Asks: 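Please find one structure pasted underneath; my questions will follow.
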Amino acid sequence: MKITDARVIVTCPGRNFVTLKIVTDSGITGVGDATVNGREMAVVAYLREHVVPLLIGRDPARIEDTWQYLYKGAYWRRGPITMAAIAAVDTALWDIKGKVAGLPVYQLLGGRSRAGATVYGHACGETIEEILREVARFVDRGYRAVRVQSGIPGLHGVYGISNNTPIYEPADAAIPTEAAWSTERYLAHIPSVFAKLRDEFGPSLRLLHDVHHRLTPIEAARLGKELEPYHLTWLEDPVPAELQEGFRLIRQHTTTPIAVGEVFNTVWDCQQLITEQLIDYIRATVVHAGGITHLKRIFDLAALYHVRSGSHGATDMSPVCMAAAVHLDVAIPNFGLQEWAGHSGETDRVFPHGYRYDDGYLHVSEEPGLGVDIDEELAAQYPYKPAALPVNRLEDGSLHSW
Ligand code: EZ4
Ligand code: CO
């Protein structure tokens, strides 16, 4: 079998997605997600100019060799653009391998380890009343875990709070919108939100919170400590993770579990955090961490150190990425939780898929391959619309992490 074509498809059914479709001489095709939120066209150019010409004529069965060829062969290693491009190729090749074998991809990864992937949803609210209502809606729909983001008194446009859209979509303008931040106001407010949530929903609902890289290690340590009575499943991205030894300081002060990794793109980004047991959940994804092949490598390292998976699943992970994620989720021994923001009806129609939500779980598709495709004709009706993530400023105007 040979690869005869590889198409890079850009579509915006409510938000932008970049998808690679690999075509073979046998007629079997495979798909991979290559979306990097706010930087989509950089991956498009990387794929079209530098990757697609190398794929034509290659044997699609050689997944590992193709991964090594694109990674080592580029000379320039790592980085989100390179690794999303490699991820798209890798994911599409696993899809093809499954279809050739007549097996769903999770069977090729060792088979089923669990009934389904436990998911958590996003409950957001300006006020505590709104938050309690939102969380109750998730509980009513069977969710066992909910991430809670809250408005902060005195602050406008806080991370996680939508501007009147049913699905939280942070990349909302071609030129980044500006949000405001105050660590003091945030730290003074958040513990009271989780106190009320525990009061209302009791001890067994799993609660999560995303700090979105906004604190310093000692500030994160204080927050983790103050949240201890409310037993969070995890505190996400407490600090920016470039300085990984900063997590030692957080760890010395609090038993609140820590989750990190949605912006990581290789095992080297998480190596220290995992091997020093500084985190509890690793949130790398198929699309941003080099595909199924490399993410499996990260999860296998994590398993040795009591670290469980908690893959990023915001709206910018396309249904192609989500399909691949669920195959890994049901197969690996150290699955933790899967984030699941869901997609708009338009997005679901452009990407017909076999995975489905039921009673708190995502269930994997039993179709051969990934069980997801892109309707290219429909995709063409939604042209690319530039959309960037916001920036964040302190009250005095200094730029802060968003
Ligand atoms: O900011 O998906 O946990 N989820 C998140 C997301 C990310 C966006 C980045 O593209 O933090 O909202
Ligand atoms: Co996050």
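Please read all numbers here as calculations on a predicted model, not as lab measurements. Whatever order the structure lists ligands and atoms in, that order sets their numbers, starting from 1. What you see below is based on every heavy atom in this structure, not just the backbone, and it leaves out hydrogens, waters and symmetry mates.
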Asks: Between Asn334 (side chain) and Val307 (backbone), is there a donor-acceptor pair under 3.5 Å?
Replies: yes
Asks: Quick one: closest heavy-atom pair of Gly32 and Ala92, and the distance?
Replies: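 The pair with the smallest heavy-atom distance is N-CB, 3.9 Å.
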Asks: In terms of side-chain geometry, is the basic nitrogen of Glu367 or Lys99 positioned less than 4.0 Å from the acidic oxygen of its partner?
Replies: no
Asks: Under 4.0 Å from a heavy atom of Asn37: give me the atoms of ligand 1 that qualify, with their elements.
Replies: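 Counting from 1, the qualifying ligand atoms are 9 (C), 10 (O).
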Asks: Taking non-hydrogen atoms only, is Tyr120 closer than 4.0 angstrom to ligand 1 via side chain, backbone, both or neither?
Replies: neither
Asks: Tell me: protein heavy atom nearest atom 1 (O) of ligand 1, and distance?
Replies: His212 NE2, 2.8 Å
Asks: Would you mind telling me if ligand 1 is within reach of the side chain of Asp210, the backbone, both or neither, using heavy atoms under 4.0 Å?
Replies: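 For Asp210, only side-chain atoms sit under 4.0 Å from ligand 1.
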Asks: What closest approach, in Å, do Asp33 and Val287 show between heavy atoms, and which atom pair accounts for it?
Replies: O-CG2, 3.4 Å
Asks: Output yes when Asp210 and Arg147 qualify as a salt bridge under the 4.0 Å nitrogen-oxygen rule, no when they do not.
Replies: yes
Asks: Below 4.0 angstrom from a heavy atom of Arg147, which ligand 1 atoms are there? Numbered from 1 as shown, please.
Replies: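 Once the distances to Arg147 are compared, the set is 3 (O), 4 (N).
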Asks: Rounded to the nearest 10°, what angle sits at the Co ion (ligand 2) between OE1 of Glu262 and OE2 of Glu236?
Replies: 90°
Asks: Which single N/O/S atom of Asp210 lies at minimum distance from the Co ion (ligand 2)?
Replies: OD2
Asks: Hey, mind stepping through Phe201 and Phe194 against ring pair (Phe, Tyr, Trp, His ring centres under 6.0 Å) and telling me if it holds?
Replies: CA-CA 10 Å; Phe201 294 97; Phe194 284 89; over 10 Å; no
Asks: Minimum heavy-atom separation for Thr216 to Val239, with atom names?
Replies: C-CG1, 3.4 Å
Asks: In the protein, what heavy atom is nearest to atom 7 (C) of ligand 1, and what distance, to one decimal place, separates them?
Replies: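 For this ligand atom, the closest protein heavy atom is Glu262 OE2, 3.3 Å.
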Asks: Hey, which atoms in ligand 1 end up nearer than 4.0 Å to a heavy atom of Glu339?
Replies: 3 (O), 4 (N)
Asks: Go through ligand 1 atom by atom and flag the ones less than 4.0 Å from a non-hydrogen atom of Asp316.
Replies: 2 (O), 8 (C), 9 (C), 10 (O)
Asks: Could you list the residues that satisfy ring-ring contact (aromatic ring centres under 6.0 Å, His included) with Trp234, not counting sequence neighbours?
Replies: Tyr120, Tyr281
Asks: Return the option from Tyr168, Tyr159, Trp402 holding the heavy atom at the smallest distance from atom 6 (C) of ligand 1.
Replies: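 Shortest heavy-atom distance from atom 6 (C) of ligand 1: Tyr159.
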